[in-house]
Amino acid sequence: MEEKKDGFGSKLGFILAAAGSAVGLGNIWRFPYLAAKYGGGIFLLIYIILVVSFGFSLMVTEISLGRKTGKSVIGAYKHADNRFGFLGPVAALVPFIITPYYCVIGGWVLKYLVTFISGNAAAATSDDFFGGFISGAGQPSVFFIIFAALTAVIVIFGVEKGIEGMSKILMPLLVILSIGIAIYTLTLPGAGMGLKYYLLPNFEGFTVAKLLKTIVAAMGQLFYSMSLAMGIMVTYGSYMRKQDSIEASTRQISFFDTSIAIIAGLIIVPSVFIFSGGDAGMLNAGPGLMFVTLPKVFDSMKGGTIVGTAFFVLVAFAALTSSVSLLETMVSIITEKFNLKRAGSTAVCLIIVVIMGMMSVLGYSSWSSFTIFGFQILDFFDFISNNIMMPIVALLTCILIGYIVKPKYIEEETTLNGEEFKAKGLYEIMTRFVCPIFMIIILLTPFFVEL
Ligand code: PHE
């Protein structure tokens, strides 16, 4: 177990690495699209309220659970209460499902980055560039494996040298790039209209059902974006130094994550708006927004090749710091379970990722007629992890903390550094009452309304 001695060397290192996990494709691609779909400012407002209440409480719980027990997610739940030991493997399964397809999408990002860097941006504007790329299995496999291997190399170097070292370089670059691109797009003529659409609440046709859908969508986004309910924050918490404040760190990570999501929206919504001549419908392109619509938008811009290249560098960095956290969580589980060395367990995990990821790659090409409950393979993995497993893990975690071991169990850990837990009241109410109810709503909603 000597691997466990490797941990974050500084408070900043922990915050940047955890923020690196949180800031990812979810922020840059998914958040702007959801905000545009669910009434702009209304979504933003609901999202921010949820981050500081619900997201905050869950993140404090997970980081504390990890740091208190010093274990990977499997050991941590068992340590808290033996009867809840089964929850560890359930949470642990989530990164095993997400990492492979996350690396597949990381591979797509690399492909676009290479296309832009090599000056072929114009090629990416054709309508079937993306479709043609993903339906031929060869290239997506190569880019996927390169992305997964890159992730593995960082993980092999360990927590302090690999993950912390990478985060300290990539995260500041990510902030500079995102702010720089946002400033550029906001100064383009016509950006104001898009900005209004994005930031001002649009109550037109806003019904109670729509409000419910918006809340559920915002909550789903929050889980994914803050890397919650899948053992990642438990794992990172186990590497955190005892003298650092969990409460302050959680606030900083949430702030980082939410800011980058909002800035990504400031880039994407106005630029698509300008390109489409004010047609908001174009923002609803779903997965295609980043890979099909945006290249066209960049191509139409002055200096578009540079902006496009900078944008895909930004996305690649964000995706890499997230995939590293996912793989690290898998590695910590395998290391603890089979008592392997870091390099050995990273190799085992990489093999699992490549095999499962290939299923997602093939799901868009030679296996495209094969669907599971009507889902493409990649979408199926996404659905069961986000909509089913994560809410279940979160629900049971709240029950464990709220009613079995009691909030005191977590509060002891948050006050270890001698500071008081300022949001204690909020934390208890959220953990015992609000979060469990929210989780039940998330789990049941798909049965009643079409999302
Ligand atoms: N939080 C990351 C994002 O917003 C995604 C992620 C999900 C990372 C799950 C790790 C685990 O894209």
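Since the model is a prediction, treat every value here as computed from it, not as a measurement. Counting from 1, the numbers follow the sequence of the chain as shown.
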field: Under the salt bridge (charged side-chain N to carboxylate O under 4.0 Å, His left out) test, residues paired with Lys296 that sit two or more places apart
entry: Asp127
- prompt: Is the Phe144 to Tyr101 ring centre distance short of 6.0 Å?
  reply: no
For residues 298-307, dump all side-chain donor-acceptor pairs below 3.5 Å to protein atoms at least two apart in sequence or in another chain.
from   : atom 1 : to     : atom 2 : distance (Å)
Ser300 : OG     : Val297 : O      : 2.7

- request: Quick one: sort the Phe380 and Phe375 rings into parallel, tilted or perpendicular, breaks at 30° and 60°.
  value: tilted
Ile28 backbone acceptor or donor facing Tyr33 side chain under 3.5 Å: no
query: Would you say the side-chain atoms of Thr69 pair up with the backbone N or O of Ala80, donor to acceptor, closer than 3.5 Å?
result: no
- prompt: Of all residues at least two apart in sequence or in a different chain, which pass the side-chain hydrogen bond (donor to acceptor under 3.5 Å, both in side chains) check with Glu164?
  reply: Ser10, Lys168
- prompt: With Phe438, which residues qualify under ring pair (Phe, Tyr, Trp, His ring centres under 6.0 Å), at least two apart?
  reply: Phe54
With a cut-off of 3.5 Å and sequence neighbours excluded, list every side-chain donor-acceptor pair involving residues 349-370.
from   : atom 1 : to     : atom 2 : distance (Å)
Ser368 : OG     : Ser365 : O      : 3.1

task: Determine, stepwise, if the pair Trp108 / Phe143 fulfils ring-ring contact (aromatic ring centres under 6.0 Å, His included).
output: CA-CA 7 Å; Trp108 298 352; Phe143 283 106; over 10 Å; no
task: For the pair Ser385 (side chain) and Met390 (backbone), establish whether a donor and an acceptor sit closer than 3.5 Å, ignoring hydrogens and angles.
output: no
message: Can you tell me how the ring of Tyr112 sits relative to the ring of Phe133, calling it parallel under 30°, perpendicular over 60° and tilted otherwise?
response: perpendicular
Atom CZ of Phe157 with >12 non-hydrogen neighbours under 6.0 angstrom: no
query: Excluding sequence neighbours, so at least two apart, what forms salt bridge (charged side-chain N to carboxylate O under 4.0 Å, His left out) with Glu62?
result: none
